[in-house]
Each structure stands twice: as structure tokens, then as C-alpha cells.
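Everything numeric here is computed off the predicted structure, so don't read it as measured data. Counting starts at 1 for both ligands and their atoms, in listed order. All heavy atoms count here, side chains included; hydrogens, waters and symmetry mates do not.
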Amino acid sequence: MARTYNILIVDDEQSVVFLLKEELSELDKYEVATAYDGAEAINVLQSQPFDVVLLDVKMPRLSGIEVLKYIREQHPTTIVIMLTNFADVKTAIETMKLGAYDFVSKPYVREELLATIDRALELRRLTIDNKLMEYELNRQGLAREFVGTSPAIVSLIRTAQKIADSTAIVQIQGPSGTGKELVAHLIHNASPRKNRPFVIVNCASIPDALLESELFGHEKGAFTDAYAMKQGLVEVANGGSLFLDEVGDISPMVQPKLLRFLETGEFRRVGGTNAMKVDVRIVSATNKDLQKEVEAGRFREDLLYRLNVVTIRIPPLKERKEDLPLLIEYFLKKKMKGKALKRLSDEALHVMMQYDWPGNVRELEHVIEGAVILSHDDLITAKDITLTASAEMQKAKPAPLAPEGADIISLEEMEKIHIERALRQNNYNRSKTSELLGITPKTLYLKVKKYRIKTPARN
Ligand SMILES: Nc1ncnc2c1ncn2[C@@H]1O[C@H](COP(=O)(O)OP(=O)(O)OP(=O)(O)O)[C@@H](O)[C@H]1O
Ligand SMILES: [Mg+2]
């Protein structure tokens, strides 16, 4: 099994490096690299990201302070612990002002050093979680359980668990709302990488021109708006998994770069010259038929074959209605959060079994949510279930704005109608629409999804 954390030891005293390497390598969780002076350290750092660097202050050629500055600038998520030769408080404080996490004086006490590294790793995890939250809006509380006992689901879960250990690239296919993202989580959580980042990149919500730099990062000055260096998500995901959602939407411009990365594990930041190598498990998802995309000349065939080494297909809900009762119970429990559970009347269940669920499990979850609110006592009856409304919503004919005196609709409803109108006016061009609405394309994307606004298939 791969070791979990990457540590770089930099010191010009060979004996210190040797001893540290021995002690850290003994613990299975650390993969240790070494460098004997500052210049060598930078060379190593240019080819691979590290979680923690143990850095001597005084070294020939390039001092620890210089290396520290380089790391803060180029690898902001790498944590630096300084090694000071004697308790030179002044230098130590100076390095902390420059962004070192802590310092340990030599000769070090083993337990103390290990505890400092542990704390550093915890801090790093938190920093990365925060960074990822920017990308994972509204995702807290994502359920981690894949509910279902139909043969298709049972075999799907078994496959997911079986392949979790390997680094094989997996593609998850299935219509909207079937749980593709959930399966990607499942694979990550069942893998030896579960304590490392799970990074989601939504390829459809990031404008074409930005996707490459979101994925691979960019150097300062790489393009007009690149005021500062930015780490790519592949670097952030190092050691963990990268989930490429809506991968069919990657533009032909970025496809070759992704292909190269998948083939070699190497990438370059935009405007950068060094090839960096990371260890990332790739899972992708799409609700497009990528074979058709290939035929239409929109998707590279070689990239498709890289992505679908292992394929997991999630069938639509209407093909596995035997899962409905269990799913309903699961969502009821989730909505009631420990309060007395509501039940479904036989008739209500019957209505739901008859329905086709075009929006799949996501739609089911919304319907249950609505039914819980509408029902008065602990029995949900057929009249509490609004399937027709949701079916109509999917045809989506925006109502005119409410005239004075008409029923007041909720702000959310209003927002939905407004977005639908703006999209139509702009011929469903998302960048134009988001500009018009004064929101980012990503926000627009998330709102379209949240309100389940139907847009014509994009090409
Ligand atoms: N089998 C399941 N058990 C429990 N929850 C599920 C299941 N399938 C889907 N869900 C829930 O339904 C919602 C939609 O799932 P998810 O976002 O993974 O779908 P998706 O396939 O990625 O959809 P889209 O193509 O629209 O992005 C989520 O809240 C998810 O937790
Ligand atoms: Mg999804």
C-alpha cells in the first residue's frame, strides 16, 4: 500500500538526514525524500508536491530561509517545520514570521518532532478542506450511504468496493440524479486514500478558458489575470482522489492536456516550465454518451479509453423500482432527523411506484421533502405527494412575474423564474447569462441545478 504522507527532509548534516529518514520511514505512513542543501531541495520540490518539509536553517548555497520563501510562494499548502541547530530564538521567530509552521531545535526529541509533524498534518488537512469548500458549495451533509438492494445496485456497490483499493481510472455513467457523485465518494471512502483529499472538479461549471489553470494551476503572469501563482486542484488532491464531474464537457483545448496527465501523472502549471508529478486517483462521471461525443468529433477517442478503463453504470430509478421503498424510508429518516417518523399510506406508495422518476433519486428526495412538509400528521397520503407539479416543472414554462395582488411566491421561486427567463433570452448561453445576472458561471450552474431548470442539450 502506498504510504500516506510525503515528507522532505533538508539538512546539510548527513547524519541528521540519515537518522530522521530512518525514524520516519519506520512509521508506515511517511514516504520520505531527502536533500542536502537548499538548491537541491528546490529541485526536488519542483518535481513533486510535499505535505511537510523539515528544513534546516543554515545550509551552504541556499539557506533554509530562502527555501522557506520559495515554498510559501510556490507551494502554499506545504507545511514547513524548521530545524534549528541551537535554540536560536531570533532566527526561529523570523522564520515563523515568514510562514514556517513551527521549529524544532536540534538535537531533537523524537516524540516532540513526531507530535509537531502530526499537528502540521492536521493543519494542512484543515487548510485543504477550507480550500475545497470554495469548490464544493452546498455539499455539506452529503450522504455517504448508497441505498438499494436491487441486483443492479448490489453488484454496483460490490464493484465499487472491489476496485477501491486499486488506482484504476473509473468512469461512472448514468442519467442525472442517479447518484454518480455518491458512488465516486463511496469509492474514495473505501480506498486506502480515504484520509486524503477528495477533490471535485465540475468540468461543466468552469469556463473553458479557466479549466486548465483550475486543474493544473498557473504561474504568476501566465495570463492577463494571473496576478499570483495558483496551485492546481491536481496538486491539492495529491495522495487522494480527483473526481472529474461532467467530464464530457471538457473542451477540445483541454482534452490533450488531461490525456497527457492521465498517461504520465505529470503536468505543468500554465506558464510553468517544470513537469510535476502527483499521485492522484481519477474518477470521472458523465451523463452524456461519450461514444456519441467521439463520433460527433467533440471528444477524443484516446481520452475516452483512458477514462473508462473501469466503467460503472447506474441504471435509472424506473428500472429498479424495487429500491423505492427502501429509498423512501431512508429519505424520510433523513428529513425527520430523529423526530417521530412519518409513514407512507399504501395509496401514496402505489402512486410513487407508478411514477417514472425522470429526475431519478434526486427527484425522489425532493418529493419526500415536500410530502413531509405537506402532511399534517404522521401519515403521508397520496394527496401530500406532488408528482405532477414536478413533472410540470420539468417541462418548465416560466410564469410571468406576479402582478400586484396575485399570490406572493417565494423568493426562491422568483429567482428560478428569473433565471429561466434570462437563459432563454440569451439562447441558453451560460456565460452571457451569468454576466447579465451579475453572478459567476459557477453560481449560475449551481442554481440551474438546484432549481432543476431544463436547458437544451449543449453542443
Ligand atoms: N442510492 C442512493 N442512496 C442514497 N442517496 C442517493 C442514492 N442515489 C442518489 N442519492 C442522492 O440523490 C442526490 C443526487 O445524487 P448525485 O448528486 O450523486 O447524482 P448525479 O448522478 O451526480 O446527478 P447529476 O448527473 O445531475 O450530477 C444526492 O443527494 C444523493 O445523495
Ligand atoms: Mg453529479
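For ligand 1 and F146, the ligand atoms under 4.0 Å from any heavy atom of the residue are 1 (N), 3 (N). Taking a cut-off of under 4.0 Å to the non-hydrogen atoms of E145, the atoms of ligand 1 that pass are 3 (N), 4 (C). Heavy-atom proximity to K449, at under 4.0 Å, picks out these atoms of ligand 1: 24 (P), 26 (O), 27 (O). Each of the following atoms of ligand 1 lies closer than 4.0 Å to a heavy atom of F331: 5 (N). Counting atoms of ligand 1 from 1 in the listed order, those under 4.0 Å from a heavy atom of E181 are 18 (O), 22 (O).
Polar contact check, K334 against ligand 1: no nitrogen or oxygen pair lies under 3.5 Å apart. Residue V361 has no N or O atom closer than 3.5 Å to an N or O atom of ligand 1. For a threshold of 3.5 Å applied to N or O pairs, the pair formed by V147 and ligand 1 contains at least one separation below that value. The distance criterion of under 3.5 Å between nitrogen or oxygen atoms is not met by R320 with respect to ligand 1. For the pair Y330 and ligand 1, the shortest N or O to N or O distance does not fall below 3.5 Å. Between D245 and ligand 1, a contact under 3.5 Å exists for no N or O pair.
Note: F198 and H188 have tilted aromatic rings, judged against thresholds of 30 and 60 degrees for the angle between ring planes.
Side-chain atoms of Y451 and E415 include a donor-acceptor pair closer than 3.5 Å.
Proximity of F243 to ligand 1, defined as any heavy-atom pair under 4.0 Å, is not found for any part of the residue. With a heavy-atom cut-off of 4.0 Å, N287 touches ligand 1 through its side chain alone. For L327, every heavy-atom contact with ligand 1 shorter than 4.0 Å involves the side chain, none the backbone.
Counted within 6.0 Å of CG on L126, heavy atoms from surrounding residues, nucleotides or ligands total more than 12; the atom is thus considered enclosed.
Side chain of K416 to main chain of R452: no donor-acceptor pair is present (N/O by atom type, distance under 3.5 Å, no hydrogens or angles). At distances below 3.5 Å, at least one donor-acceptor pair connects side-chain atoms of R320 with backbone N or O atoms of P315. At least one donor-acceptor pair closer than 3.5 Å links the side chain of D51 to the backbone N or O of N6. Checking side-chain atoms of R72 against main-chain N and O of T78 turns up a donor-acceptor pair under 3.5 Å. Within the 3.5 Å criterion, the main-chain N or O of E246 finds no donor-acceptor partner in the side chain of K180.
Of the inter-residue distances, the one linking N360 atom CG with N287 atom CG reads 10.0 Å to the nearest 0.5 angstrom.
In summary, of the residues considered (V309, L307, N308), a side-chain contact (heavy atoms from CB on, under 4.5 Å) with T311 occurs for N308 alone.
By the salt bridge (Lys or Arg N to Asp or Glu O under 4.0 Å) test, E301 pairs with no residue at all, sequence neighbours left out.
Heavy atoms of G177 approach ligand 1 to within less than 4.0 angstrom. The closest approach between any non-hydrogen atom of V183 and ligand 1 is not below 4.0 Å.
Compare G179, G148, A204 by their heavy atoms: the one nearest to atom 16 (P) of ligand 1 is in G179. When E365, Q173, E246, K288 are checked for heavy-atom proximity to atom 28 (C) of ligand 1, E365 turns out nearest.
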